[in-house]
Q: 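To start, I am sharing the structure in question, which I have written as structure tokens.
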Amino acid sequence: PTPPYLKWAESLHSLLDDQDGINLFRAFLKQEECADLLDFWFACSGFRKLEPCDANEEKRLKLAKAIFKKYILDNNGIVSRQIKPATKCFIRDCVMKQQIDPVMFDQAQTEIQSMMEENTYPVFLKSDIYLEYT
Amino acid sequence: IDSEDDLLQECISSAMPKIK
């Protein structure tokens, strides 16, 4: 069978599908001071999984606000800098108007994912941290 | 009441793969 660390080199998704892969990628991003990219990506997925029902409404609103505040509000943050202004406006409007939709962070997540696929992920595959692991 | 950070952490963990 293919060892997990070789699978991690196939695609970003195969890396993010494996707990050890996530931990190593996170350690690398932390070293590069951009671990927030990965946390934001998972936060978006987690948010989408929260079912919109009466029991969850308060939690979803609180969580949407928390994600917005932590990763998007500060324009100098590593995540915020990688998201298009129109996408940030859209999310801000959703939060302000309390229109909390499961897919409200999807576009921002896609933008961060593309950035990781083009930039941090290929660099990770050439990094000492990955090569030492393999 | 959960703090914002706890809520975020719980959300991030919920999206991670559980089974290796």
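Lettering follows sequence order; numbering is per chain, from 1.
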Q: What is the distance from atom CG of B:L7 to atom CD1 of A:I67, rounded to the nearest 0.5 Å?
A: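 Here the interatomic distance stands at 8.5 Å.
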Q: Does a side-chain N-to-carboxylate-O contact under 4.0 Å join A:K69 and B:E4?
A: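 The answer is yes: the pair qualifies as a salt bridge.
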Q: At under 4.5 Å between heavy atoms, what parts of residues 24-50 of chain A are in contact with chain B? List them by residue number.
A: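 Checking residues 24-50 of chain A against chain B gives A:D39, A:F42, A:A43, A:S45, A:G46, A:F47, A:K49.
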Q: Are A:V103 and A:Y71 linked, directly or through intermediate hydrophobic residues, by side-chain heavy-atom contacts shorter than 4.5 Å (ILVMFWY only)?
A: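 Cluster IDs for A:Y71 and A:V103 differ.
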Q: Which atoms of A:L63 come close to chain B, meaning under 4.5 Å heavy atom to heavy atom: side chain ones, backbone ones, both, or neither?
A: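 For A:L63, backbone and side chain are both near chain B.
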Q: Working to the nearest 0.5 angstrom, can you tell me the gap between B:L8 CG and A:K62 NZ?
A: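 Spacing of CG (B:L8) from NZ (A:K62) equals 11.0 Å.
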Q: Against chain B, label A:K65 side chain, backbone, both or neither, depending on which of its atoms sit under 4.5 Å from a heavy atom there.
A: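 Interface part for A:K65: neither.
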Q: Is there any residue in residues 117-128 of chain A with a non-hydrogen atom under 4.5 Å from a non-hydrogen atom of chain B, and which ones are they?
A: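 Checking residues 117-128 of chain A against chain B gives no residue, so none.
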Q: Just wondering, are more than 12 heavy atoms of other shown residues or ligands nearer than 6.0 Å to CD in A:E10?
A: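 Count over threshold, so yes.
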